[in-house]
Amino acid sequence: MTSYEPLEQSFYEQPTLELAPRLLGCLLVHETPQGITSGYIVETEAYRGALDRAAHSFNNRRTKRTEIMFHEPGHIYTYTMHRQVLLNVVSAAAGTPEAVLIRALEPKDGIPLMETRRPDRKPRELTNGPGKLCQAMGIEQIAHYGGNFTKPPLYITSGYTPEQVETGPRIGIPNAQEAKDFPWRYWVHGNRYVSK
DNA sequence: TCTGCGATTCGCT
DNA sequence: GCGAATCGCAGAC
């Protein structure tokens, strides 16, 4: 178990709807004093500020919480929901508030450490949901908000190329009217760690 | 293994 | 106050 070489800034400079599927198979890595944890990204969702009623930044709403989405792509956007932390990759050019939610991982390094952070869980229950993977990886909202995925301690590196990617409506946004049907959820076909 | 429902914190209005 | 990009548990099959 060693360090990896983070993907460069240029990787994030592609349209959100292209970045979201291209993140699949990439490796999310977190280096902490306790050790390294990592996992392959197997499920993502795109959120596109201006036109997307399901996004926090809908209608370009700029607040303390959504501020980071207006910055350059590659920044870290964390958000809390019912005591859970959710991890997002800021996408699109500065001034365009878009992001990709990381929904599920397939654990690679540091599985024993993940198990200490989420005791008494089956292997598959470690990272098969957006709040769960943050727990397993030790990701905290305050500490990581506004950071950058291009450098340690929390970064993304290349992994593998998925054989088949599937697309469908996003999860958990029933009040988003027309936006709830946008097929902006992407996952690796047949992967056991996909949340649904 | 899958589905449905209730808990409960924080940021925004 | 309100409502949410969720989780975990209970109960069915």
Side-chain angles (χ1 to χ4, degrees), chain A residues 12 16-17 19-21 23-24 28 39 41-71 73 75-92 96-107 114-147 149 154 156 166-196:
Chain A
Y12 301 95
T16 301
L17 294 185
L19 179 64
L23 281 166
L24 297 175
L28 178 70
I41 298 169
V42 296
E43 183 178 358
T44 60
E45 283 181 2
Y47 285 86
R48 306 189 64 199
L51 303 172
D52 182 0
R53 199 174 289 276
H56 296 150
S57 54
F58 173 63
N59 218 6
N60 288 323
R61 190 158 55 117
R62 189 165 188 158
T63 66
K64 185 181 172 186
R65 180 176 65 164
T66 63
E67 176 63 27
I68 197 64
M69 282 197 276
F70 287 84
H71 290 224
H75 278 97
I76 299 169
Y77 174 36
T78 50
Y79 165 75
T80 53
M81 165 79 179
H82 287 76
R83 267 200 162 161
Q84 323 298 325
V85 179
L86 283 72
L87 180 65
N88 302 257
V89 181
V90 173
S91 60
T96 303
E98 304 188 350
V100 177
L101 170 67
I102 297 177
R103 286 195 55 90
L105 299 177
E106 177 179 344
M114 293 184 187
E115 288 172 338
T116 65
R117 289 169 175 155
R118 287 177 55 73
D120 304 319
R121 305 293 170 196
K122 297 174 188 170
R124 185 166 163 264
E125 294 291 320
L126 241 29
T127 57
N128 67 333
K132 300 176 191 180
L133 70 89
C134 286
Q135 264 185 250
M137 298 283 288
I139 295 167
E140 300 168 2
Q141 190 207 353
I142 307 278
H144 294 287
Y145 182 96
F149 283 109
L154 180 61
I156 293 171
E166 296 217 50
T167 307
R170 295 171 294 179
I171 293 177
I173 50 171
N175 300 320
Q177 301 173 35
E178 79 284 349
K180 75 178 169 57
D181 296 320
F182 295 171
W184 291 351
R185 173 173 171 252
Y186 304 87
W187 68 96
V188 176
H189 175 71
N191 189 284
R192 186 172 172 70
Y193 291 88
V194 172
S195 65
K196 185 180 173 187

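By convention in this document, chain letters (A, B, ...) are assigned in the order of the sequence lines, proteins followed by strands, and residues within each chain are numbered from 1.
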Expressed as a whole number of angstroms, how long is the span from A/Arg124:CZ to C/dG8:P?
13 Å

Considering heavy-atom distances to DNA chain B, does A/Met81 or A/Lys64 have its closest nucleotide positioned more toward the 5' end?
A/Met81

Could you check how far CG of A/Leu86 sits from P of C/dC7, rounded to whole Å?
7 Å

For a quick test of reading the model: is some side-chain N or O of A/His82 closer than 4.0 Å to OP1 or OP2 of B/dC10?
no

Whole-Å distance between B/dG11 P and A/Gln141 CD?
6 Å

Looking across every strand, which nucleic acid part, if any, lies under 4.0 Å from A/Ile173 by heavy atom: base, sugar-phosphate, or nothing?
sugar-phosphate

Under 4.0 Å between a side-chain nitrogen and a carboxylate oxygen: does that hold for A/Glu178 and A/Arg53?
yes

Go through B/dT9, B/dC10, C/dT6 for me and flag the one nearest to the A/Arg83 side chain.
B/dT9

Return no unless some side-chain N or O of A/Thr63 is found under 4.0 Å from OP1 or OP2 of B/dC12.
yes

Under 3.5 Å for both donor-acceptor distances, Watson-Crick or wobble: does B/dT8 have a partner, and if so which one?
none

Look at the side chain of A/Arg118 and decide which nucleotide, out of C/dG8, C/dT6, B/dC10, has an atom nearest to it.
C/dG8

Look at A/Arg103 and C/dT6 and indicate whether a side-chain polar atom (N or O) is within less than 4.0 Å of OP1 or OP2.
yes

Single hit among A/Leu101, A/Leu23, A/Asn128, A/Ile171 for side chain to side chain contact (heavy atoms under 4.5 Å, CB included) with A/Glu43
A/Ile171

Does atom CZ (A/Arg62) have a neighbourhood of more than 12 heavy atoms from anything else shown, all under 6.0 Å?
yes

Whom does C/dA5 pair with, Watson-Crick or G-U wobble, provided both distances fall under 3.5 Å?
none

What nucleotide among C/dG8, C/dA5, B/dC12 has an atom nearest to a side-chain atom of A/Arg121?
C/dG8

For B/dT13, does OP1 or OP2 lie under 4.0 Å from any side-chain N or O of A/Arg61?
yes

Length of the line joining A/Leu126:CG and C/dC7:P, which is rounded to integer Å
13 Å

Take atom CZ of A/Arg48 and atom P of C/dA5, then tell me their distance rounded to the nearest Å.
18 Å

In terms of ring plane angle, is the pair A/Tyr79 and A/His56 parallel, tilted or perpendicular, where the classes change at 30° and 60°?
tilted

Students often get this wrong, so: under 4.0 angstrom with heavy atoms, is A/Glu45 touching a base, only sugar-phosphate, or nothing?
nothing

Between C/dG8, B/dG11, C/dA5, which nucleotide gets closest to the side-chain atoms of A/Arg65?
B/dG11

Please work out if A/Arg53 contacts a base, only the sugar-phosphate, or nothing of the nucleic acid, heavy-atom cut-off 4.0 Å.
nothing

Can a side-chain donor-acceptor contact be found between A/Arg48 and A/Thr16 if the only test is distance below 3.5 angstrom?
no

